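Step one of this worksheet: look at the structure below.
Just so it is clear, the model here is predicted, and its values are computed rather than measured.
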Amino acid sequence: MNKMIKDTLILFLITLIAGLGLGVVYNVTKDARAEQEEKTKIAAYKEVMPEMADYEEVKVVNVADVLTFVKKKNKDIESKNHITPIKAFNANIDEIVCAKNSAGEEIGYIVTVTDQEAYGGSLQMTVGILKDRTVKGISFLTLKETPGLGMKAKEDAFKKQFQNKKVEYFAYSKTGAVKDNEIDAISSATITSNAVTHGVNAAVYSVDYLLEQTKEGE
């Protein structure tokens, strides 16, 4: 019995010391991690909005209202244009910031989107959109697709298809993009192509929401 109590106390002390050690490591590295995350975010912002010198978070009345607007608009557009996606729309708006140039002028918005339709489960991306709805570019924060297939979404050949385009919505094509709003799907990675397209559309529709709110406030 005494040996059992002794072994239990030793195990408890080991667990306690290990837990305290992990806590110390977490607190020591917390600021460094936060700084690195901020650098990663800024790099993504500048990739999708090269003219950005500063930014500030957009304060919306209710994030749920933005997502409700985005989902409804996506449903209406897909219904109107007889689009049946390989996976149903399932994107969330994580953050919207207003990008400013070196003169402090607002030049557009940068939207961070997480899409749950990816082949690897989910992907997170930033999308730069000017105030006239022109997409400046896209950048991935997380992408865990199949190497040589879905991971090709990170390549410039795919991402540049969205650049400098002002369209009502984007759609992917498996037979070759013809219209200005069409994107060539990645070969053998239609699910990834669908997820990215829905993610970009979600970002564009969220800017539509902000622009409507601005008009109503004038």
Side-chain angles (χ1 to χ4, degrees), residues 36-53 55 70 74 77-78 81 83-97 99 107-130 132-207:
Q36 184 57 47
E37 288 173 1
E38 182 69 12
K39 286 181 179 178
T40 300
K41 184 165 71 172
I42 295 299
Y45 286 179
K46 286 188 173 294
E47 182 178 349
V48 301
M49 192 74 77
E51 300 85 355
M52 186 197 80
Y55 73 92
V70 167
N74 182 79
I77 285 177
E78 290 190 339
N81 294 280
I83 298 171
T84 303
I86 192 170
K87 275 193 174 184
F89 181 89
N90 188 10
N92 291 313
I93 307 301
D94 301 325
E95 185 181 44
I96 306 175
V97 301
I107 54 177
Y109 300 96
I110 300 172
V111 185
T112 302
V113 179
T114 296
D115 192 288
Q116 306 295 337
E117 307 158 45
Y119 189 81
S122 67
L123 59 82
Q124 187 179 47
M125 61 196 299
T126 55
V127 185
I129 304 170
L130 297 179
D132 68 352
R133 297 181 76 258
T134 300
V135 174
K136 286 292 290 181
I138 69 173
S139 176
F140 293 97
L141 295 175
T142 59
L143 186 67
K144 302 174 182 178
E145 301 296 82
T146 306
L149 295 174
M151 286 303 291
K152 287 184 177 180
K154 294 190 75 171
E155 297 178 1
D156 286 343
F158 180 75
K159 293 192 299 181
K160 284 184 176 180
Q161 294 184 89
F162 296 93
Q163 284 184 353
N164 300 315
K165 287 189 176 181
K166 180 182 177 182
V167 296
E168 183 183 10
Y169 67 95
F170 287 96
Y172 67 87
S173 171
K174 294 188 290 184
T175 57
V178 177
K179 299 177 182 178
D180 195 40
N181 71 323
E182 290 183 332
I183 300 300
D184 282 324
I186 301 167
S187 180
S188 301
T190 308
I191 291 177
T192 304
S193 304
N194 177 75
V196 175
T197 302
H198 269 167
V200 176
N201 283 339
V204 173
Y205 302 158
S206 67
V207 170

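Residues N74 and H198 are in side-chain contact: their nearest non-hydrogen atoms beyond the backbone lie under 4.5 Å apart. Side-chain contact between V196 and F170 is absent, with no heavy atoms from C-beta onward closer than 4.5 Å. Y119 places none of its side-chain heavy atoms less than 4.5 Å from the side chain of L149. With contacts defined as side-chain heavy-atom distances shorter than 4.5 Å, the pair V204/I129 qualifies. Side-chain contact between K41 and T126 is absent, with no heavy-atom pair separated by less than 4.5 Å. Between T146 and M151 the shortest side-chain heavy-atom distance does not fall below 4.5 Å. Counting heavy atoms from C-beta on, the side chains of Y55 and I110 never come closer than 4.5 Å.
Here N81 pairs with Y169 under the side-chain hydrogen bond (donor to acceptor under 3.5 Å, both in side chains) rule; sequence neighbours left out. Taking the side-chain hydrogen bond (donor to acceptor under 3.5 Å, both in side chains) definition, one finds that Y45 meets it with E95, sequence neighbours left out. Shown here are the salt bridge (Lys or Arg N to Asp or Glu O under 4.0 Å) partners of E168, two or more places apart in sequence or in another chain: there are none. Scanning for salt bridge (Lys or Arg N to Asp or Glu O under 4.0 Å) contacts around E47 gives K159, with sequence neighbours left out.
The two residues S206 and A203 make their nearest non-hydrogen contact at OG-O, 2.6 Å. Considering every non-hydrogen atom in both A118 and I191, the closest pair reads C-CG2, 4.0 Å. Closest of all the heavy-atom pairs between T192 and A153 is CG2-CB, 4.1 Å. Shortest non-hydrogen contact noted between D94 and V113 is OD2-C, 3.5 Å. Annotation for I186 and G150: closest pair CD1-O, 4.2 Å, computed over non-hydrogen atoms. When all heavy atoms are compared, the tightest approach of M49 to L130 is SD-CD2, 3.8 Å.
Atom NZ of K165 sits about 8.0 Å away from atom CG of N181, to the nearest 0.5 Å. Note that NZ of K46 is 10.0 Å distant from CD of E51, once rounded to the nearest 0.5 Å. Rounding to the nearest 0.5 Å places NZ of K136 at 5.0 Å from CG of N164. Atoms CG and CD1, from N194 and I83 in turn, are 10.0 Å apart once rounded to the nearest 0.5 Å. From K174, atom NZ reaches atom OG1 of T190 across 5.0 Å, with rounding to the nearest 0.5 Å. Atoms CD1 and OG, on I183 and S173 in that order, are 10.0 Å from each other to the nearest 0.5 Å.
T142 places a side-chain N or O within donor-acceptor distance of the main-chain N or O of Q124, the cut-off being under 3.5 Å.
Among pairs with a residue in residues 140-157, none fulfils salt bridge (Lys or Arg N to Asp or Glu O under 4.0 Å), at least two apart in sequence or across chains.
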Only distances under 3.5 Å count here; give the side-chain donor-acceptor pairs of residues 85-93 to other protein atoms, sequence neighbours excluded, each with its distance to 0.1 Å.
residue, atom, partner, partner atom, Å
K87, NZ, E117, O, 3.4

